[in-house]
Every structure is written in C-alpha cells, then in structure tokens.
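No hydrogens, no waters, no symmetry mates; every other heavy atom, side chains included, goes into these values. Lettering of chains follows the sequences in order, A, B, ..., and the numbering in each one begins at 1.
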Amino acid sequence: MDIKEITRDKSLGMTIIVKTISRLIVSFILVFGLYIVLYGHITPGGGFAGGVILAISYVLLILAFGGKVAVAKMSGFWASMWDNLGALAFVVIGFLGLIGGYFFLNFINHGTPGKLISAGIIPLCNIAIAVKVGAALYAVFLALSIYGRISTEEDE
Amino acid sequence: MLILFHILLFFMIIGSIVAIETKNMLSAVIAVGAVGFGVSLMFLFLGAPDIAITQVIVEVLSLVILIRATVYIDNRAIERKFDSFAIITGLLFLGFFIMAAVWAFGDMTPFGEPLMRVSRRYLSGTAAETGAVNAVAGVILDYRAYDTLGEAMVLFASILGALVILRNRGKKPVVK
C-alpha cells in the first residue's frame with residue numbers, strides 16, 4: 001500500500017490531533033538528531049545520543065500513525081541492513097588506520113579545532129555509530145512492538 | 001550542592017523500591033523511568049553533559065519500548081509468601097555491605113582529586129592531538145576508540161540476539 005494512503009487512513013494510528021502535531025514535530029527531531037551527530041566533536045553529544053534521537057523520530061511516526069507506516073518507511077530488513085552497514089563502516093575506518101601504522105589511527109588531517117570539518121576520523125566515526133545505533137534501536141522497537149501484531153508482506 | 005545530590009539519591013532509592021514492590025506493570029515501568037531521569041540529572045550536575053544527554057534520551061526510548069511492550073500484557077506480580085530466612089540473610093548482607101562501604105569509602109580522596117596523569121594528558125592535549133574541541137569525543141573516538149568498538153559490538157550482538165528470538169520468519173504458527 002502507498003504511504004500516503006496509510007497516513008490518510010483514519011482507522012489507523014491515533015487521533016487527528018496527535019497525527020498533526022507529530023507531523024509538525026518529527027522533522028525538527030530528525031534535524032536535531034543530525035545536528036547532535038555532526039557536531040559531536042565540538043559540542044556535547046555524539047554518535048550514540050544522536051543515533052538514538054534519529055531512532056526516536058521514527059518511533060514517534062510509528063506511535064502516531066500505526067505500525068504500517070513503519071513497514072512502509074523502513075522495514076525490518078532495511079533496519080538490520082543499516083545496522084550492519086554502520087558497524088561495518090566503523091570497523092573499516094579502524095582498519096584504514098593500519099595504512100599509517102596502527103588500528104584506529106587518526107589518519108586524516110586534523111584541521112583547525114572548532115571547525116565543523118576537523119578532528120580527522122572522529123566525525124566519520126560519529127556518523128557510523130549514529131547509523132548503527134539508530135537502526136539497531138529502531139529494529140528492536142519494531143521487533144518488540146510490531147512483529148506478531150501486524151503481519152508484513154516480506155515476512156510471509 | 002551536596003544536599004541536592006542527597007535529595008536525588010533519596011528520590012532514586014524510593015523510585016527503585018516502588019519499581020520492585022508495585023503490583024502493576026505500568027507503574028513499575030514508570031518508576032524505572034523516574035530513576036533513570038534522576039541518574040541523568042545527577043550526571044548533569046556532576047558536569048558531564050554528554051552522558052546526561054545520552055542517559056535522558058535512552059531513558060525516553062526505553063520507556064516507550066517498555067510501555068509499548070508491556071501495556072498489552074496483563075501480567076500481575078506473583079504473590080509471594082513471607083520468607084523469614086530470605087529477609088534475615090538480606091539484612092545480614094546489607095549490614096556487611098554497609099560496614100565494608102564505610103571502611104572503604106573513608107579512605108577515598110574527594111571527587112575528581114587528584115587528577116590522574118592520564119586524564120591530565122587528555123585534558124591538556126585533546127585539542128592539539130586529535131583536533132576535537134569536545135574532549136569526550138576525542139577520548140572515546142581517538143584515544144580509546146578500541147573500547148568504543150567493543151561497546152558497539154556488544155550492542156550489535158544484543159540486538160542480533162533480540163531479533164533472532166523475536167523474529168516472525170521460520171517460526172511455527174501459534175495454535176489457537
């Protein structure tokens with residue numbers, strides 16, 4: 001089913017008040033999560049916290065619009081795929097350090113401290129961890145709350 | 001400042017006792033959430049905003065997951081009988097623990113003093129050596145990236161286990 005039909009279906013999810021508010025708020029949550037991830041080496045925060053915020057924005061969508069939106073937006077297969085890719089990217093960044101000498105060497109030029117593009121591999125590691133953590137927590141939320149209640153096409 | 005910590009600690013202990021003793025599952029979950037927010041406030045007042053942010057966000061998400069997973073299940077707590085042996089041994093070990101704690105913590109230096117050699121090196125050299133202004137990010141992703149890798153793998157393995165147990169595909173259908 002198309003995602004626009006699902007979001008307009010009044011029988012799914014919560015009331016129209018909750019749906020409208022969460023439709024307004026969810027993009028701000030997503031942008032805030034991206035900010036926390038990308039500025040992790042400058043301000044408090046980092047990959048783990050930012051990844052959880054990204055997962056929360058998807059969880060809010062599921063809670064407001066019902067489980068079918070989750071399956072249409074990002075299915076369990078893609079959640080575990082992003083989880084694996086994030087973990088793989090983190091390990092690959094670690095192994096790339098072996099070129100210069102040792103595991104997890106900060107091999108990129110450090111740049112000026114305080115700028116957005118600085119600190120070598122730290123922002124890249126933050127992004128990898130954020131993808132990994134966000135997708136993993138989203139997958140666990142799917143597994144605990146959706147599986148067994150809503151049958152998905154790919155699982156049958 | 002110290003009185004604030006004592007109030008928070010007292011609040012967290014009360015919350016933990018409520019979470020253990022209450023009969024309703026939803027109340028237990030909410031009490032656990034209250035304890036988690038107490039922990040995050042504690043980290044904030046100790047000057048660790050990174051940990052406070054992570055703690056409060058993970059607490060929100062885990063609260064949502066727990067409520068979503070438990071609210072449909074009407075599992076009441078199991079009624080248990082009064083067990084005098086368990087209470088006496090519990091009190092005995094509590095007494096032992098308090099004695100050992102008083103004995104051990106009496107010799108400790110105040111919080112954060114003296115600054116160890118390693119942490120002094122981290123505080124003075126992070127910006128120059130890693131380029132990260134946030135010292136925490138510099139420590140966990142440059143100096144101690146190997147530890148972070150272990151932490152990420154622990155999360156990876158636990159999620160893998162949860163997904164394997166809770167999967168739909170390949171399971172026998174439940175006979176009703």
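Residues B:Leu2 and B:Phe10 do not share a hydrophobic cluster, defined by chaining ILVMFWY side chains whose heavy atoms lie under 4.5 Å apart. Residues B:Ile57 and A:Val26 are members of one and the same hydrophobic cluster, defined by side-chain heavy-atom contacts under 4.5 angstrom among Ile, Leu, Val, Met, Phe, Trp and Tyr. A single hydrophobic cluster is seen to contain both B:Ile140 and B:Met153, as judged by linkage of ILVMFWY side chains at heavy-atom distances under 4.5 Å, directly or through other members. Under the 4.5 Å side-chain heavy-atom criterion for Ile, Leu, Val, Met, Phe, Trp and Tyr, B:Val35 and B:Val18 are members of distinct hydrophobic clusters. Cluster annotation: A:Ile25 is connected to A:Phe32 through the hydrophobic network of ILVMFWY side chains, with a link wherever side-chain heavy atoms come within less than 4.5 Å.
Against chain B, the residues from residues 79-89 of chain A that qualify, each with a non-hydrogen atom under 4.5 angstrom away, are A:Ser80, A:Asp83, A:Asn84, A:Ala87 in number order. Residues of residues 33-52 of chain A having a heavy atom under 4.5 Å from any heavy atom of chain B, listed by number: A:Gly40, A:His41, A:Ile42, A:Thr43, A:Pro44, A:Gly45, A:Phe48, A:Ala49, A:Val52.
Under the side chain to side chain contact (heavy atoms under 4.5 Å, CB included) test applied with B:Leu155, the options A:Ile129, A:Val140, A:Val133 reduce to a single match, A:Val133.
Between the CD1 atom of B:Ile67 and the CG atom of A:Leu63 there is a distance of 10.0 Å, given to the nearest 0.5 Å. Note that the CG atom of A:Leu142 and the CG atom of B:Leu163 stand 9.0 Å from one another [nearest 0.5 Å].
Residue contact with chain A, scored on non-hydrogen atoms closer than 4.5 Å, is absent for B:Val56. Both the backbone and the side chain of A:Ile53 come within less than 4.5 Å of a heavy atom of chain B. If you measure heavy-atom distances from B:Glu151 to chain A, the contacts under 4.5 Å come from the side chain alone. Within the 4.5 angstrom heavy-atom criterion, no atom of B:Ser158 approaches chain A.
Most heavy-atom pairs under 4.5 Å with chain A: of the set B:Leu160, B:Val136, B:Thr148, this distinction falls to B:Thr148.
Put simply, the side chain of B:Leu141 does not reach to within 4.5 Å of the side chain of A:Ile121, judged on heavy atoms.
Residue B:Phe37 qualifies as enclosed at atom CZ: its count of foreign heavy atoms under 6.0 Å is above 12. Residue-environment remark: CZ (B:Phe5) exceeds the threshold of 12 foreign heavy atoms within 6.0 Å. A:Ile17 CD1: 12 or fewer foreign heavy atoms inside a 6.0 Å radius.
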